[in-house]
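Below is one structure, written out as C-alpha cells; comments come after it.
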Amino acid sequence: DVKVTQSSRYLVKRTGEKVFLECVQDMDHENMFWYRQDPGLGLRLIYFSYDVKMKEKGDIPEGYSVSREKKERFSLILESASTNQTSMYLCASSFIDPSNEQFFGPGTRLTVL
Amino acid sequence: AQTVTQSQPEMSVQEAETVTLSCTYDTSESDYYLFWYKQPPSRQMILVIRQEAYKQQNATENRFSVNFQKAAKSFSLKISDSQLGDAAMYFCAYHRAFNDMRFGAGTRLTVKP
C-alpha cells in the first residue's frame, strides 16, 4: 500500500516564526511536490524536486524554500510565516514520467496568527 | 502558461443518477496527459481516471468515464450510478512534463440520498 505521509495534520504558528513541513514517501518516487490548496484556486505548485538536492520553483515560490536531502523526504520551509500563508499544504510524489499519477499526502492545515 | 478551467464550482446529483463534470484546458502541445483526481472530505486525494492525449478512445474505470475532445480541449468526467461515497472535490489536471502541470480550481460534488 503506497504512502505519502506529512508530519502534521494541523499546525498553528505565529507571524514571523520559521515553519517546517515534512513529507515522506515510501514508493521510491523520483518526483516530489509541494502544493498550496485554497478555496476557488485549486492546487498551486510551490516547489517540486525531481532528484535528491534538486529543486525547481513552481508557480508561487515566494516566501517558501524546500530541502530534499534524501530521496524519500521533501521539506517545505516558511522562513518567516505570514498570515497570508494560512492554507492547506499538500505534498505529492510520482515517478518521473508525466504519464504517472501523483500520490498525495493527507495535507497540513496551517494557520498563521 | 497552460490553464485548466473547471467552470462548475459546485454540482449536485441524486443517488443512482448520472452527473458530468466539465473541464477545459489550454495548451499548444499535442502530447500530454489528463487526470481527474478525487478529494473526499478530510481524506487524501486519489486518482479517478487518466487519459493520454494521443489516444482517441475515451478512458473508462467502472462507473467513471471521460469525454475527451482533443480539438476542443475538453475533458469531462461522467459518473454513472452515483453513490454517496462519490461526494468529494474533483480536480482536473494537465501534465505534460514534470515542470508543466496544472490543476483546475475544483468542483465540489454533493450526492443526495
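Proteins get letters first, then strands, A, B, ... in listed order; numbering begins at 1 in each. In this text the structure is predicted, and so the values were computed from the model without any measurement. Note: hydrogens, waters and symmetry copies are ignored here, and every other heavy atom, side chains too, is used.
B/Arg63 CZ: more than 12 foreign heavy atoms inside a 6.0 Å radius. Taking a 6.0 Å sphere around CG of A/Asn84, one finds it holds more than 12 heavy atoms contributed by other residues, nucleotides or ligands.
If you measure heavy-atom distances from A/Asp38 to chain B, you find no contacts under 4.5 Å at all. Only the side chain of B/Tyr37 comes within contact range of chain A, judged by heavy atoms closer than 4.5 Å. The contact between A/Arg9 and chain B is made entirely by side chain atoms (from C-beta outward), counting heavy-atom distances below 4.5 Å. Looking at B/Gln39, only its side chain comes within 4.5 Å of chain A, counting heavy atoms on both sides. If you measure heavy-atom distances from A/Gln102 to chain B, the contacts under 4.5 Å come from both the backbone and the side chain. Contacts of A/Leu43 with chain B are made by both backbone and side-chain atoms, with heavy-atom separations under 4.5 Å.
The closest donor-acceptor contact from the side chain of B/Ser22 to the backbone of B/Ser76 lies at 3.5 Å or more, if one exists at all. Panel note: side chain A/Thr108, backbone A/Leu110; no donor-acceptor pair is recorded below 3.5 Å. Using a distance-only test at 3.5 Å, with no hydrogens or angles considered, a donor-acceptor pair links the side chain of A/Thr86 to the main chain of A/Val112.
B/Tyr33 and B/Tyr54 form no side-chain donor-acceptor contact under 3.5 Å, judged by distance and modelled atom types alone.
Considering only heavy-atom pairs separated by less than 4.5 Å from chain A, the leading option among B/Met101, B/Gln6, B/Met89 is B/Met101. Chosen from B/Glu52, B/Arg50, B/Arg108, the residue pairing most often with chain A at heavy-atom distances under 4.5 Å is B/Arg50. Per-residue counts of heavy-atom pairs under 4.5 Å with chain B were compared for A/Tyr35, A/Phe33, A/Phe48; the largest is that of A/Phe48. Contact count versus chain B (heavy atoms, under 4.5 Å) is highest, among A/Asn31, A/Ile96, A/Leu45, A/Asn100, for A/Asn100. With chain B as the partner, the residue from A/Ser94, A/Gly42, A/Gly58, A/Ala92 showing the most heavy-atom pairs under 4.5 Å is A/Gly42. With chain B as partner, the option from A/Arg109, A/Glu101, A/Lys57, A/Gln37 having the largest number of non-hydrogen pairs under 4.5 angstrom is A/Glu101.
Under the 6.0 Å cut-off for aromatic ring centres, A/Phe74 and A/Tyr47 do not qualify, their centroids lying 6.0 Å or more apart.
Using cut-offs of 30° and 60° on the angle between ring planes, the pair B/Phe103 and A/Phe104 is perpendicular.
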